[in-house]
Amino acid sequence: MILDGETIIRAMSHIVDDSRRIYQKLAGTESPKDQFFLKQDLINHQEILRKIILRGVKLCEKENGRLPGYTEDVLNVPLLKEILDKLNLDNWSNEEEFNAFETRTSRIKDAFYKRITPPALYLKSIVQELGA
């Protein structure tokens, strides 16, 4: 079983982008009640991403799954564990912690897409790994 690294990167990017939009709303919100709910949304986004990453780690460690070898240098289980640790320890309602996470994931995303562009070699490598 090979996990699709691009799906993990896309999910991470989507959740971080949504969270950035929540921070933009938060900046224009004066009501403490509305601020509270927006911060809850941030924490919920963080938890959703934590579950996605945790599932990927479990699939690789306990269910004989693996990430594509083609992208091992930019996306691997130790990196997923590092991301998971940050998601477990950080609090996205703290903008400084969220910003640090956003910066780190942006670098990961850029490195990943640089590695798989053009996608033909990446996709071919996955097909070969599945056949092995």
Side-chain angles (χ1 to χ4, degrees):
M1 174 176 26
I2 298 179
L3 280 71
D4 181 12
E6 187 173 12
T7 300
I8 294 170
I9 296 293
R10 224 177 315 144
M12 188 168 55
S13 181
H14 178 73
I15 290 170
V16 168
D17 290 347
D18 277 355
S19 298
R20 173 53 56 205
R21 285 189 280 281
I22 292 170
Y23 263 111
Q24 290 167 349
K25 284 183 193 174
L26 191 58
T29 302
E30 292 184 23
S31 162
K33 180 182 174 185
D34 291 340
Q35 288 177 353
F36 172 81
F37 286 119
L38 288 170
K39 287 184 177 186
Q40 276 304 121
D41 282 346
L42 289 166
I43 292 168
N44 289 338
H45 278 64
Q46 180 180 0
E47 180 62 16
I48 290 166
L49 183 55
R50 190 192 72 76
K51 287 179 181 178
I52 291 168
I53 301 296
L54 178 61
R55 181 70 179 134
V57 169
K58 282 184 177 179
L59 283 170
C60 290
E61 291 189 330
K62 296 182 175 146
E63 298 181 30
N64 205 25
R66 60 190 165 149
L67 291 161
Y70 190 83
T71 56
E72 184 72 21
D73 57 330
V74 293
L75 186 64
N76 49 58
V77 174
L79 177 63
L80 290 180
K81 286 181 173 182
E82 179 186 316
I83 292 168
L84 186 59
D85 284 345
K86 294 297 288 173
L87 290 166
N88 284 329
L89 298 174
D90 287 354
N91 177 356
W92 282 11
S93 67
N94 176 324
E95 191 169 9
E96 194 172 300
E97 290 181 6
F98 172 76
N99 287 340
F101 187 86
E102 181 181 36
T103 299
R104 175 77 170 117
T105 56
S106 178
R107 285 193 302 255
I108 294 167
K109 176 185 168 186
D110 291 347
F112 182 83
Y113 280 108
K114 183 178 179 184
R115 179 74 175 109
I116 69 164
T117 303
L121 293 174
Y122 170 64
L123 297 173
K124 184 178 179 182
S125 75
I126 291 175
V127 170
Q128 288 173 339
E129 284 186 66
L130 288 170

Among all residues two or more places apart in sequence or in another chain, which pass the side chain to side chain donor-acceptor pair (under 3.5 Å) test with E72?
none
What one should report as the nearest heavy-atom pair of I9 and I108 is CD1-CG2, 3.7 Å
Shortest non-hydrogen contact between C60 and R66, atoms and distance
SG-CA, 3.8 Å
Is there a path from I22 to F36 through hydrophobic residues (I, L, V, M, F, W, Y) whose side chains come within less than 4.5 Å of each other?
no
I52 and side-chain contact (heavy atoms from CB on, under 4.5 Å): which partner among L80, L84, I83, I15?
I15
Taking the side chain as everything from C-beta on, heavy atoms only, tell me whether E61 gets closer than 4.5 Å to K81.
yes
By side chain to side chain donor-acceptor pair (under 3.5 Å), K51 pairs with (sequence neighbours left out) none
The reported gap from CG in D4 to CG in L67 (rounded to nearest 0.5 angstrom) is 9.5 Å
If you count heavy atoms of other groups shown closer than 6.0 angstrom to CG of D73, is the number above 12?
yes
If we ignore angles and hydrogens, is there a donor and acceptor under 3.5 Å between the side chains of N99 and R20?
yes
Between NZ of K124 and OH of Y70, what distance do you get to the nearest 0.5 Å?
10.5 Å
Identify whether NZ of Lys or CZ of Arg in R115 sits under 6.0 Å from the centre of the six-membered ring of Y122 and within 45° of that ring's axis.
no
Which pair of heavy atoms, one from L79 and one from N76, lies closest together, and at what distance?
N-OD1, 2.9 Å
Between the main-chain N or O of S19 and the side-chain N or O of E102, is there a donor-acceptor pair closer than 3.5 Å?
no
T71 side, atom OG1; E6 side, atom CD - distance, nearest 0.5 Å:
10.0 Å
Qualifying residues under salt bridge (Lys or Arg N to Asp or Glu O under 4.0 Å), relative to E82, sequence neighbours excluded:
R104
Where at least one partner belongs to residues 29-48, residue pairs that pass salt bridge (charged side-chain N to carboxylate O under 4.0 Å, His left out), sequence neighbours excluded:
E47-R50
Using 30° and 60° as the class limits, which term best fits the ring planes of W92 and F98: parallel, tilted or perpendicular?
perpendicular
Please give me the minimum heavy-atom distance between L3 and P68, naming the atom from each residue.
O-CD, 3.1 Å
Let me confirm one number: the NZ-CG distance from K109 to D17, rounded to the nearest 0.5 Å.
6.0 Å
Side chains of N91 and I43 in contact at under 4.5 Å (non-hydrogen atoms)
yes
Show your working on side chain to side chain contact (heavy atoms under 4.5 Å, CB included) between T29 and F37 and close with a plain yes or no.
CA-CA 11 Å; T29 302; F37 286 119; over 6 Å; no
Could you state the interatomic distance from OG (S125) to CD1 (I2), rounded to the nearest 0.5 Å?
8.0 Å
Side chain proximity check, D110 to R107, heavy atoms < 4.5 angstrom:
no
Which is it for M1 and N64 under the side chain to side chain contact (heavy atoms under 4.5 Å, CB included) test, yes or no, and what are the steps along the way?
CA-CA 7 Å; M1 174 176 26; N64 205 25; 5.9 Å; no
Just so I know, are the side chains of L42 and L38 near enough to count as touching, which here means a heavy-atom distance under 4.5 Å?
no
Hydrophobic cluster identity match, I48 and L89, side-chain contacts under 4.5 Å
no
Contact summary for Y23 and N94, nearest pair of heavy atoms:
OH-C, 3.3 Å
Check whether any side-chain N or O of Q46 sits under 3.5 Å from a backbone N or O of L87 as a donor-acceptor pair, and report yes or no.
yes
Any chance you could measure R10, atom CZ, to F112, atom CZ, to the nearest 0.5 Å?
9.0 Å
Who passes salt bridge (Lys or Arg N to Asp or Glu O under 4.0 Å) against D18, sequence neighbours left out?
R21
How would you list, by chain and number, every residue that makes a salt bridge (Lys or Arg N to Asp or Glu O under 4.0 Å) with E63, sequence neighbours excluded?
R55
